[in-house]
Amino acid sequence: MDMQEIAARGLVLLGCGKMGSAMLAGWLEGGLPASSVWVIDPNPSDWLQGTGVHINAELPAAPGIVLIAVKPQMMGTALPVLQSYGNGATLFISVAAGTSIATFEDVLGAQSPIVRAMPNTPAAVGRGITAIIGNTHATDTDLNRAEGLLKAVGQVVRLDHEGQMDAVTGVSGSGPAYVFHLIETLAIAGEAQGLPAELAMQLAKATVAGAGALAETAEDSPSQLRINVTSPNGTTQAALDVLMDDDDGFPALLNRAVAAATTRSKELARG
Ligand SMILES: NC(=O)c1ccc[n+]([C@@H]2O[C@H](COP(=O)([O-])OP(=O)(O)OC[C@H]3O[C@@H](n4cnc5c(N)ncnc54)[C@H](OP(=O)(O)O)[C@@H]3O)[C@@H](O)[C@H]2O)c1
């Protein structure tokens with residue numbers, strides 16, 4: 001479904017906080033007319049009110065897509081509003097972490113096409129990555145429609161089964177926070193070596209952003225890029241000897257961190 005088709009049938013957005021706003025901004029920039037969007041949110045932001053979309057207004061009878069972007073703990077109160085669209089032609093897309101497809105099927109009906117998605121916050125600058133998986137009732141067309149919509153805020157990848165969602169949450173869903181922490185700690189480490197705080201932070205931010213951009217666009221793998229800048233017995237190697245330590249280096253640390261996030265995602269899914 002392209003933006004024109006979505007515009008014709010209408011799109012309902014349930015919950016317009018950080019993630020909902022980032023997506024809505026992407027759609028409006030991508031040409032979706034504000035008049036074809038209905039937002040349900042108890043406290044619409046100033047930005048939202050300035051977009052010209054319908055806010056907490058009477059909803060269309062059969063929207064093409066309903067996108068669910070409320071917090072998982074609000075799902076119980078928020079979802080029943082959408083029940084009348086269940087078991088019909090409306091495609092439901094949820095970006096809520098930890099809420100399973102089965103939970104949506106219970107409330108909305110198992111005949112509803114449902115796509116569960118896990119985006120991440122770089123969506124706010126159009127550089128997110130979203131993993132998607134459909135329920136048995138979601139067709140290829142439904143998945144293509146979901147992908148088309150989510151591409152407004154970055155890349156989209158498809159999963160083979162819903163069980164992969166917990167590990168995706170541990171890598172890309174929660175991952176931006178790991179990188180923010182890398183920036184913080186790189187800057188503090190620079191300060192410890194005598195740099196002024198502001199300069200250290202500027203160096204850290206630009207280094208992470210620049211290396212990320214290079215890793216994404218270069219033909220070489222990240223491992224090769226690392227090898228390319230590591231001369232034997234040079235400065236980089238001195239640091240990498242610390243970071244690549246088998247016992248307490250990056251590999252062991254990130255493995256534990258991602259495992260902890262994945263485990264927590266499974267726990268949240270169990271409620
Ligand atoms: N942020 C991320 O990095 C990220 C990544 C992946 C997935 N997600 C998922 O995206 C979803 C939204 O996260 P977020 O960070 O955007 O949270 P958020 O900023 O708190 O946004 C949720 C919005 O829903 C509104 N809301 C609450 N109850 C509602 C109801 N009954 N009906 C309609 N709207 C209601 C909230 O209003 P009030 O603020 O007034 O309560 C808020 O504006 C979550 O399920 C989360 O798991 C987020």
| query | Do I93 and V66 belong to the same hydrophobic cluster, where Ile, Leu, Val, Met, Phe, Trp and Tyr are linked whenever their side-chain heavy atoms lie under 4.5 Å apart, directly or via other members? | reply | no
| From Q202 CD over to T207 OG1, what is the distance, rounded to the nearest 0.5 angstrom? | 10.0 Å
| Qualifying residue, where the test is side chain to side chain contact (heavy atoms under 4.5 Å, CB included) with I40 and the options are I68, V81, I55 | V81
| query | Between V53 and W27, is any pair of side-chain heavy atoms under 4.5 Å apart? | reply | no
| T185 side chain vs L182 backbone, donor-acceptor pair below 3.5 Å | yes
| task | Let me see the working for N228 and D220 under side-chain hydrogen bond (donor to acceptor under 3.5 Å, both in side chains), right down to the final yes or no. | result | CA-CA 9 Å; N228 293 349; D220 286 340; 3.1 Å; yes
| message | Can a donor-acceptor pair be found, under 3.5 Å and without considering hydrogens, that links the side chain of S100 to the backbone of T103? | response | yes
| task | Ignoring hydrogens and angles, state whether a donor on the side chain of E147 or Q155 is under 3.5 Å from an acceptor on the partner side chain. | result | no
| Would you say V157 and I132 make side-chain contact, with heavy atoms under 4.5 Å? | no
| Between the main-chain N or O of Q111 and the side-chain N or O of N87, is there a donor-acceptor pair closer than 3.5 Å? | yes
| task | Look only at the side chain of R116 and the backbone of T99, and say whether a donor-acceptor pair between them is shorter than 3.5 Å. | result | yes
| Tell me, do T77 and M74 make a side-chain contact under 4.5 Å, heavy atoms counted? | yes
| message | Using a 6.0 Å cut-off, check whether atom CD of Q83 has over 12 heavy atoms from anything other than its own residue. | response | yes
| task | Flag yes if L67 and M118 sit in one hydrophobic cluster, no otherwise; membership is Ile, Leu, Val, Met, Phe, Trp, Tyr, and two members link when side-chain heavy atoms are under 4.5 Å apart. | result | no
| request: Answer yes if V95 and V156 sit in the same cluster of Ile, Leu, Val, Met, Phe, Trp and Tyr residues linked by side chain heavy atoms under 4.5 Å apart, and no otherwise. | output: yes
| said: Would a single hydrophobic cluster contain both W47 and M19, if residues Ile, Leu, Val, Met, Phe, Trp and Tyr are joined by side-chain heavy-atom contacts under 4.5 Å? | reply: yes
| field | Separation between CE of M165 and NZ of K266, rounded to the nearest 0.5 Å | value | 14.0 Å
| query | Which side-chain hydrogen bond (donor to acceptor under 3.5 Å, both in side chains) pairs, counting each pair once, include a residue from residues 241-252, with sequence neighbours left out? | reply | none
| message | Any side-chain to backbone donor/acceptor pair from S172 onto G175? Under 3.5 Å, distance only. | response | no
| Test item: D41 side-chain N/O and C16 main-chain N/O as donor-acceptor pair under 3.5 Å | yes
| query | Are the side chain of T236 and the backbone of T230 linked by a donor-acceptor contact shorter than 3.5 Å? | reply | no
| request: Applying side chain to side chain contact (heavy atoms under 4.5 Å, CB included), name anything that partners A78, two or more places apart in sequence or on another chain. | output: L14, V70
| Is R127 paired with E216 through a side-chain N to carboxylate O contact shorter than 4.0 Å? | yes
| task | Output yes when a side-chain donor or acceptor of E162 lies under 3.5 Å from a complementary backbone atom of I133, and no otherwise. | result | no
| Validation row: V39, L48 side chains within 4.5 angstrom (heavy atoms) | yes
| query | Backbone N or O of A96 within a donor-acceptor pair of the S94 side chain at under 3.5 Å? | reply | yes
| query | With a 4.5 Å limit on heavy-atom distance, are the side chains of S174 and T169 in contact? | reply | yes
| In Å and rounded to the nearest 0.5 Å, what is the CG to CG distance from D142 to L91? | 5.0 Å
| Taking the six-membered ring for Trp, are W38 and H54 parallel (under 30°), tilted (30 to 60°) or perpendicular (over 60°)? | parallel
| query | Going by atom types alone, do T262 and S265 pair a side-chain donor with an acceptor below 3.5 Å? | reply | no
| Any chance CD of Q224 has more than 12 other-residue heavy atoms, nucleotides or ligands included, within less than 6.0 Å? | yes
